[in-house]
Amino acid sequence: MVSKKIAAALIIVLGCALPCAFAKILPVGPGERFAEITPAVAAAHAFDTLLVKKATYREHTIIINKPLWVMGEGMPVIDARNKEADIFIIMSDSVFIEGFVLSNVGVSYLNEYAAVKVRKGRNGVVRNNTIKDCYFGIYLEYARDYIISNNDIVAHTKDESSAGNAIHVWKANNIEIAYNSATGHRDGIYFEFVDDSKIHHNVSFNNLRYGLHFMFSNRDGYFFNEFTDNGAGVAVMFSKQIRMEENLFANNWGTASYGLLLKEISDGEIHKNRFIQNTIGILAEGANRLSIQRNQFTQNGTALDMKGNCLDNKVTHNNFLANTFEVVTNSKYNNNEYNSNYWSLYSGYDLDRDGFGDLPYRPVNLFAKITNEIPSASIMLHSFFVNILELSERIFPEIIPEELVDKKPRMRPYIL
């Protein structure tokens, strides 16, 4: 029985290895048999390698419909010359695109043209490329088991109507987006109907709208990313079971800006992130059963804006440091747990020396509630009027949500 299993395993291994054993390397470039990439793709057999020499190739609509490794030597340039067309169109499994400068895909108001477009492919890789001034950078649709890594994707668009996304993924599963840089697009990274996927160690900055945008995607995670100086920050919408850990959300300023927008999401984890100098650190609407733990909120206009339709969330063991407003809500009721957080505005005492304040802390103040409803009132910040409001809160604490209280405020910041 054992020998039969070993024989069967050998047959499978040999069957997989056989195509690769007969694969060839086809040089492409000036002075080679194939001066351009398109005829080389047509002549190649499955699992061959196209080794593209350093030069500038003025091509587009390069259709790859067989398993191939397309590899640049010395970062050759493929210039689409602002044509309304994709550069690479992948329509096969097991395609690798590596080592190119892909540039100048034209803007279209009818089609989403990209430097690399994957259609119904799986087990592929797009890595180590520089993508310049392309409408969309890398576009995946109906893809599965794909890796997008170490790509530098740069555009210089000025308005959202003429901007695509740097990395756009639609209706896909098990996608890994890692170690990419995305700037100057509408969204740095966009997920719609994408499940069981990971986004990690990316830098997304100076994009017109979102550094990262989730829609209708479940069981995904993003870790160790940096989202800075984007138009509106990061948005996670209509999704569930999303893990958000060890990310930086910084310098997202504007009247409709935030580090992280949560809208109609549930059963997720927001752990060990840093929210630094955003208009709003986290804005939550219809967010339920989230764990918000061990995050750092520093110098934000508002650290946490939790609307009244957010239920059963746990906000625990976080640091709130030097924020103008710590927590804002639009309801006088609270269905969320606030516990064991450090609040830099807390002025209580710790007589039993257990590291936690002896008096509970109410992070919502009346002036924050007023400015949430009347934004122009913020001009009175630090005025004598605000001092009177603070005094009235102490005398009449029922003015602000009674249940929204941290009963165990920490006396010193956590080391996160």
Side-chain angles (χ1 to χ4, degrees), residues 125-127 137-138 140 143-153 165-169 172-183 187-205 207 210-230 233-252 258-263 265-276 278 281-284 287 289-298 304 313-319 414-416:
V125 176
V126 180
R127 68 187 180 197
I138 300 170
L140 276 63
R144 188 180 184 91
D145 305 313
Y146 241 86
I147 297 174
I148 308 298
S149 67
N150 293 94
N151 300 286
D152 187 11
I153 310 174
N165 302 324
I167 299 174
H168 184 107
V169 187
N173 291 84
N174 196 28
I175 308 298
E176 182 174 1
I177 312 289
Y179 296 98
N180 302 283
S181 175
T183 185
D187 295 340
I189 303 171
Y190 180 87
F191 268 28
E192 187 172 4
F193 301 108
V194 181
D195 297 335
D196 304 304
S197 298
K198 293 187 296 184
I199 299 171
H200 62 92
H201 293 94
N202 301 281
V203 178
S204 183
F205 64 100
N207 294 290
Y210 299 118
L212 170 65
H213 191 181
F214 264 70
M215 296 278 285
F216 307 105
S217 299
N218 305 312
R219 301 180 304 277
D220 300 311
Y222 60 96
F223 321 97
F224 300 101
N225 303 285
E226 295 183 8
F227 306 107
T228 61
D229 298 285
N230 296 293
V234 169
V236 181
M237 304 178 177
F238 309 104
S239 302
K240 61 184 179 181
Q241 297 179 22
I242 306 298
R243 292 175 57 205
M244 299 161 260
E245 298 181 2
E246 305 268 11
N247 301 287
L248 171 65
F249 306 82
N251 300 318
N252 300 291
Y258 27 75
L260 174 61
L261 168 65
L262 306 170
K263 188 173 179 64
I265 80 164
S266 61
D267 304 295
E269 297 178 359
I270 304 172
H271 293 171
K272 299 181 180 180
N273 301 283
R274 290 174 293 152
F275 298 88
I276 300 175
N278 304 284
I282 297 178
L283 172 60
R289 299 182 301 279
L290 302 179
S291 172
I292 304 174
Q293 295 186 18
R294 299 198 174 277
N295 302 285
Q296 184 108 345
F297 297 87
T298 304
L304 179 59
N313 301 290
K314 294 184 177 181
V315 183
T316 64
H317 302 91
N318 302 283
N319 286 335
Y414 294 98
I415 299 174
L416 301 177

Test side-chain contact (heavy atoms from CB on, under 4.5 Å) applied to Tyr146 and Ile175, step by step: CA-CA 5 Å; Tyr146 241 86; Ile175 308 298; 3.7 Å; yes
Work out which heavy atom in [X] is nearest to a heavy atom in [Y]; give both atom names and the distance.
| X | Y | answer |
| --- | --- | --- |
| Phe249 | Asn278 | O-ND2, 2.9 Å |
| Leu261 | Met237 | CD2-CE, 3.4 Å |
| Ala166 | Ala182 | CB-CB, 3.5 Å |
| Tyr258 | Asn252 | O-CB, 3.5 Å |

Min side-chain heavy-atom separation [X]-[Y] under 4.5 Å:
| X | Y | answer |
| --- | --- | --- |
| Asp220 | Tyr222 | no |
| Phe297 | Ile282 | yes |
| Glu192 | His213 | no |
| Leu140 | Val194 | no |
| Leu262 | Ile270 | yes |
| Arg294 | His271 | no |

[Y] backbone acceptor or donor facing [X] side chain under 3.5 Å:
| X | Y | result |
| --- | --- | --- |
| Asn165 | Asp187 | yes |
| Asn313 | Ala287 | yes |
| Asn180 | Asn202 | no |
| Ser217 | Ser239 | no |
| Asp195 | Asn218 | yes |
| Ser197 | Glu176 | no |
| Asn225 | Ser204 | no |
| Asn150 | Arg127 | no |
| Asn273 | Met244 | yes |
| Asn151 | Val126 | yes |

Find the distance between [atom1] ([X]) and [atom2] ([Y]) and round it off to the nearest 0.5 Å.
| X | Y | atom1 | atom2 | answer |
| --- | --- | --- | --- | --- |
| Arg243 | Asp267 | CZ | CG | 14.0 Å |
| Asn251 | Asp229 | CG | CG | 4.5 Å |
| Arg144 | Asn174 | CZ | CG | 6.5 Å |
| Arg289 | Gln241 | CZ | CD | 10.0 Å |
| Ile242 | Glu269 | CD1 | CD | 11.0 Å |
| Thr183 | Asn207 | OG1 | CG | 5.5 Å |

Test of ring centre spacing under 6.0 Å for Phe224 and His200: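 Between Phe224 and His200, the centre distance exceeds or equals 6.0 Å.
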SB check Arg219 Asp196 (cutoff 4.0 Å): yes
Gln296: partners by side-chain contact (heavy atoms from CB on, under 4.5 Å), with sequence neighbours left out: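 For Gln296, the residues satisfying side-chain contact (heavy atoms from CB on, under 4.5 Å) (neighbours in sequence not counted) are Arg274, Thr298, Asn319, Leu321, Leu416.
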Audit row: Thr228, Glu226, side-chain hydrogen bond (donor to acceptor under 3.5 Å, both in side chains) steps and yes/no: CA-CA 6 Å; Thr228 61; Glu226 295 183 8; 5.7 Å; no
Aromatic plane relationship, Phe191 with Phe214 - under 30° parallel, 30 to 60° tilted, over 60° perpendicular: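 Geometry flag for Phe191 against Phe214: tilted rings.
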